[in-house]
Amino acid sequence: MDTAFELVDVHKRFRLANGDWNEAIRGVSLTVRQGESIAVIGPSGAGKTTLLRLLNLTLRPDSGEVRINGTDPSRVKVRALRRLRARTGTVYQQHNLIPSLRTVHNILAGRLSSWSILRSLHSLISPREIGSAAEAARKVGVLDKLWERTDRLSGGEQQRVAIARALIQNPRHLLADEPVASVDPSRADALITLLRELNESEGKTIVVNLHDVPIALRHFPRILGLHAGRVFFDLPPGEIKADLLMRLYEGDEDMTEGETRAWIDETMKGSLAG
Ligand SMILES: Nc1ncnc2c1ncn2[C@@H]1O[C@H](COP(=O)(O)OP(=O)(O)OP(=O)(O)O)[C@@H](O)[C@H]1O
Ligand SMILES: [Mg+2]
């Protein structure tokens, strides 16, 4: 079976303003097969976003190894590295769309990294490129909004545009950081279903960071619990019980222990309800 991502004992730390170091990822080893679909959960500060950025090669580990489809990015030349990066499309938490641009142009911006600036500018009016933007927009269900200004779209539609932008380079792997954080709950399920369909119909590897635990448990066959920069568990959803979640979110600064317990009870009900 092909390996999409392989991490071996990866560490990543950041320098803080006061000169201290913060170790965000503390010895993570992880294998993700091509076409697999994983949700990453865990309290704020657990290292979810950092992990995603190690996977899409925008961050380099301080130690340990990261391999993409078997290739070690630190051993390839600049052009090969660019191609390796282009295998992964990422949808960020703040989706980084340019509000005043039309949908079509925001989608085409997904190609900027692989094009010369001149060609990028030209692309804004090329019919052939508009065709591929339209195809990406169709896949995510915003084809009718192709020529709208992006800031006229709803939060959920904007998130779909961000996914279309990630799709336009036809990546093998799709990463998403809290893609439903700013979407109303009734739309959140539909967005995650869309990602799972891209996973199933096109064989794309999907790794999604989620605050919404019920959604993670309902939609994903493999759940990675991150805590303080370490893999706390790596399990199918059926094996994740309330006590395990309680320990995962223990010490979360946003909630007291009682609040955490109540929230997890709700979560377990919610994951069954769907
Ligand atoms: N660029 C940075 N500089 C300094 N510290 C950072 C940087 N990026 C992340 N960190 C720290 O690394 C730790 C992990 O952060 P990360 O953003 O990966 O957490 P997270 O699990 O995504 O949290 P959240 O659920 O709030 O998004 C945190 O303590 C954070 O403050
Ligand atoms: Mg984060």
Side-chain angles (χ1 to χ4, degrees), residues 4 35 37 39 52 55-56 58 82-83 85-210 212 215 219-220:
S37 181
L52 212 77
L55 295 178
N56 72 11
T58 55
R82 205 180 295 150
R83 281 199 300 273
R85 280 210 176 106
R87 284 189 196 168
T88 303
T90 307
V91 182
Y92 282 101
Q93 192 163 2
Q94 316 82 349
H95 44 57
N96 300 338
L97 299 172
I98 301 168
S100 60
L101 286 186
R102 295 178 199 278
T103 297
V104 61
H105 296 145
N106 265 308
I107 294 174
L108 287 171
R111 286 210 167 145
L112 289 181
S113 61
S114 57
W115 287 2
S116 73
I117 289 179
L118 200 65
R119 194 154 163 235
S120 306
L121 292 174
H122 182 68
S123 79
L124 299 180
I125 48 166
S126 143
R128 195 165 58 89
E129 296 313 331
I130 288 166
S132 49
E135 172 59 17
R138 187 193 57 75
K139 273 189 193 169
V140 302
V142 291
L143 184 55
D144 57 330
K145 302 288 163 70
L146 195 61
W147 297 99
E148 280 305 317
R149 269 176 60 129
T150 308
D151 55 8
R152 308 260 164 83
L153 272 52
S154 74
E157 287 166 345
Q158 290 187 24
Q159 204 53 269
R160 284 165 189 269
V161 174
I163 295 169
R165 183 179 57 180
L167 288 177
I168 196 159
Q169 59 186 4
N170 194 24
R172 292 189 202 179
H173 320 303
L174 196 58
L175 310 180
D177 198 5
E178 309 286 355
V180 295
S182 54
V183 175
D184 67 86
S186 63
R187 301 275 164 91
D189 263 297
L191 260 171
I192 297 297
T193 301
L194 167 67
L195 291 174
R196 291 285 284 128
E197 280 166 3
L198 290 165
N199 162 244
E200 286 181 357
S201 64
E202 303 188 6
K204 293 189 194 306
T205 316
I206 306 270
V207 181
V208 182
N209 289 346
L210 285 169
D212 193 317
I215 285 191
H219 290 270
F220 290 83

Are any side-chain N or O atoms of [X] and backbone N or O atoms of [Y], one a donor and one an acceptor, separated by less than 3.5 Å?
| X | Y | answer |
| --- | --- | --- |
| Asn199 | Thr205 | no |
| Lys139 | Ala164 | no |
| Thr88 | Asn56 | no |

Within the structure provided, determine whether [X] and [Y] are in side-chain contact (heavy-atom separation under 4.5 Å).
| X | Y | value |
| --- | --- | --- |
| Leu195 | Phe220 | no |
| Ile163 | Pro179 | no |
| Arg149 | Pro99 | no |
| Asp189 | His219 | yes |
| Leu55 | Thr90 | no |
| Thr150 | Ile98 | no |
| Val180 | Gln159 | no |

> Of Val208, Val183, Ile215, Val91, which is the lone residue that meets side chain to side chain contact (heavy atoms under 4.5 Å, CB included) with Leu191?
Replying inline: Val183

>> Consider side chain to side chain contact (heavy atoms under 4.5 Å, CB included). Of Arg196, Glu197, Glu202, which one does Glu200 pass it with?
In response: Arg196

> Considering residues at least two apart in sequence or located in another chain, which fulfil the salt bridge (charged side-chain N to carboxylate O under 4.0 Å, His left out) criterion with Asp212?
Replying inline: none

For a quick test of reading the model, state the closest non-hydrogen atom pair linking [X] to [Y] and the distance between them.
| X | Y | result |
| --- | --- | --- |
| Ala133 | Val104 | CB-CG2, 3.8 Å |
| Gly89 | Pro171 | N-CB, 3.4 Å |
| Ala134 | Leu143 | O-CD1, 3.5 Å |

> Is it true that Glu157 and Arg160 make a salt bridge, defined as a side-chain N closer than 4.0 Å to a carboxylate O?
Replying inline: no

Enter the distance from [X]:[atom1] to [Y]:[atom2] here, rounded to the nearest 0.5 Å.
| X | Y | atom1 | atom2 | value |
| --- | --- | --- | --- | --- |
| Ile107 | Ser132 | CD1 | OG | 9.5 Å |
| Leu146 | Thr103 | CG | OG1 | 6.5 Å |
| Asn170 | Glu135 | CG | CD | 10.0 Å |
| Tyr92 | Leu175 | OH | CG | 8.0 Å |
| Leu198 | Ser37 | CG | OG | 10.5 Å |
| Arg83 | Gln169 | CZ | CD | 13.5 Å |

> What residue pairs, at least two apart or across chains, pass ring-ring contact (aromatic ring centres under 6.0 Å, His included) with a residue in residues 156-191?
Replying inline: Phe5-His173

> Going through the checks in order, is the side-chain contact (heavy atoms from CB on, under 4.5 Å) test met by Leu210 and Ile192?
Replying inline: CA-CA 10 Å; Leu210 285 169; Ile192 297 297; 4.1 Å; yes

> Would you say Arg187 has more than 12 foreign heavy atoms packed within less than 6.0 Å of its CZ?
Replying inline: no

>> Run the side-chain contact (heavy atoms from CB on, under 4.5 Å) test on Lys145 and Val161 for me, step by step, so that the C-alpha distance in whole Å, both residues' side-chain angles and the decisive distance to 0.1 Å come before the verdict.
In response: CA-CA 9 Å; Lys145 302 288 163 70; Val161 174; over 6 Å; no

